[in-house]
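Each chain gets a letter, A, B and so on, in the order the sequences are listed, and its residues count up from 1.
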Protein chains: 2
Amino acid sequence: MLPGTKTGFELDPRLDAESIHVMWLGLCELRLRDDKRWPWLILIPQRPGTEEVHELTPLDQAMVSFETNMVAQTLKDMTGCTKINTAALGNVVRQLHIHVVARNEGDAGWPGPVWGYGVREPYRREALHQLAETIRGKL
Amino acid sequence: MLPGTKTGFELDPRLDAESIHVMWLGLCELRLRDDKRWPWLILIPQRPGTEEVHELTPLDQAMVSFETNMVAQTLKDMTGCTKINTAALGNVVRQLHIHVVARNEGDAGWPGPVWGYGVREPYRREALHQLAETIRGKL
C-alpha cells in the first residue's frame, strides 16, 4: 500500500499534473516540478485538509521545517545555485505545499519570483526522471 | 543596549528603509513592511552573515520555524485573510529574512506573488505605527 493511500491522502490534481514523485520523506511527499527553467522541488505534508503550516501540530511543523531545510541544503549542494527560494503560498492550489527552488543570476525572471512567471517548459521525459533519480540518490 | 547591537548585527539598509521595527522575538527581529497594499511582516534572524535558513544551526532553524509560524497564525487571526504567504527569497537583499504576508482574493496582484509587483504604497505615518502597536499587542 502506498504511504499516500493509507491515510486517505490525495494529491491535488494540479500538483500531480505538473510534477513527478521523487520520494517519501518522514512527513512529506517530495516531488520535482516538470519545468526545466529552474530546479524546483515541492514538499507536500501528508495531512489531508491542511492549508497553512501553522495549522499543523507543533511536531509536524518541526518536521516540515527539518525536511524543507534538508531538501534546500541538498538542492544547493547539487546545483551550486546562487540562492535558494523557499515559499508556502497556496493562493491557487490550497493543499499545503512548500516550494524549494534553485535560483541563479540571469535565470528566467531573475531576480523576481518564479510563481506566475512565463510558461512552464517541460523537460525531456528521460531527463526529468534522471534528475529525480539523482535527487533521490543525494537525499 | 539594543539586542541588535550586542551581537554586531546590522540590518540591511534596504530592509531598514522600507519597514519599521515591531519587536524582538527570541531569535528574530520582527518588522512591518511599509506597504498598505498587503499586511506584510518580515522576520530577520539575528545571525550576521547568514543567507539561507539551512545555514543556521539546527536549534536556530527550529526557532525560525516556531517564530515564523507564530507570526503567521497571529497575522491570520488579526486580518481574517484568505491565505498566508510565507517565503525566504533573498535574490535582491541577501541578508536572511522571512516574509509573512496576508493575502485576500482580489488584492493587488492576486493570486500572483507580491514580490516585484507594482509600486510600494506607504501607509500614513500614524496608521503604520498604530498597526505595529496592534501587532505587538497580539503577539
According to a hydrophobic-cluster definition based on side-chain heavy atoms being under 4.5 Å apart (Ile, Leu, Val, Met, Phe, Trp, Tyr only), do B:V93 and B:V101 belong together? yes
With clusters defined by side-chain heavy atoms of hydrophobic residues (ILVMFWY) lying less than 4.5 Å apart, directly or transitively, does A:W38 cluster with A:L41? no
Picking from A:G116, A:A62, A:A87, which has the most non-hydrogen pairs under 4.5 angstrom with chain B? A:A87
Rounded to the nearest 0.5 Å, the CD atom of A:E105 sits from the CG atom of B:N91 at a distance of 9.5 Å
More than 12 heavy atoms of other residues, nucleotides or ligands under 6.0 Å from CZ of B:F66: is that the case? no
Heavy-atom side-chain contact between B:E52 and A:Q73 under 4.5 Å: no
How about B:K83 and A:L89: do any of their side-chain heavy atoms sit closer than 4.5 Å? no
With clusters defined by side-chain heavy atoms of hydrophobic residues (ILVMFWY) lying less than 4.5 Å apart, directly or transitively, does B:M63 cluster with A:M63? no
Do the side chains of A:Y123 and A:I135 join up, straight or via other hydrophobic residues, at under 4.5 Å, putting them in one cluster? yes
Single-linkage hydrophobic cluster B:L139~B:W40, side-chain heavy atoms < 4.5 angstrom: no
If I take atom CD1 from residue B:I84 and atom CD from residue A:E55, how far apart are they, to the nearest 0.5 angstrom? 10.5 Å
Quick one, A:R94 and B:T82 - any side-chain contact, counting heavy atoms below 4.5 Å? yes
Give the member of A:M70, A:K76, A:R103, A:H99 that has the highest number of heavy-atom pairs under 4.5 Å with chain B. A:K76
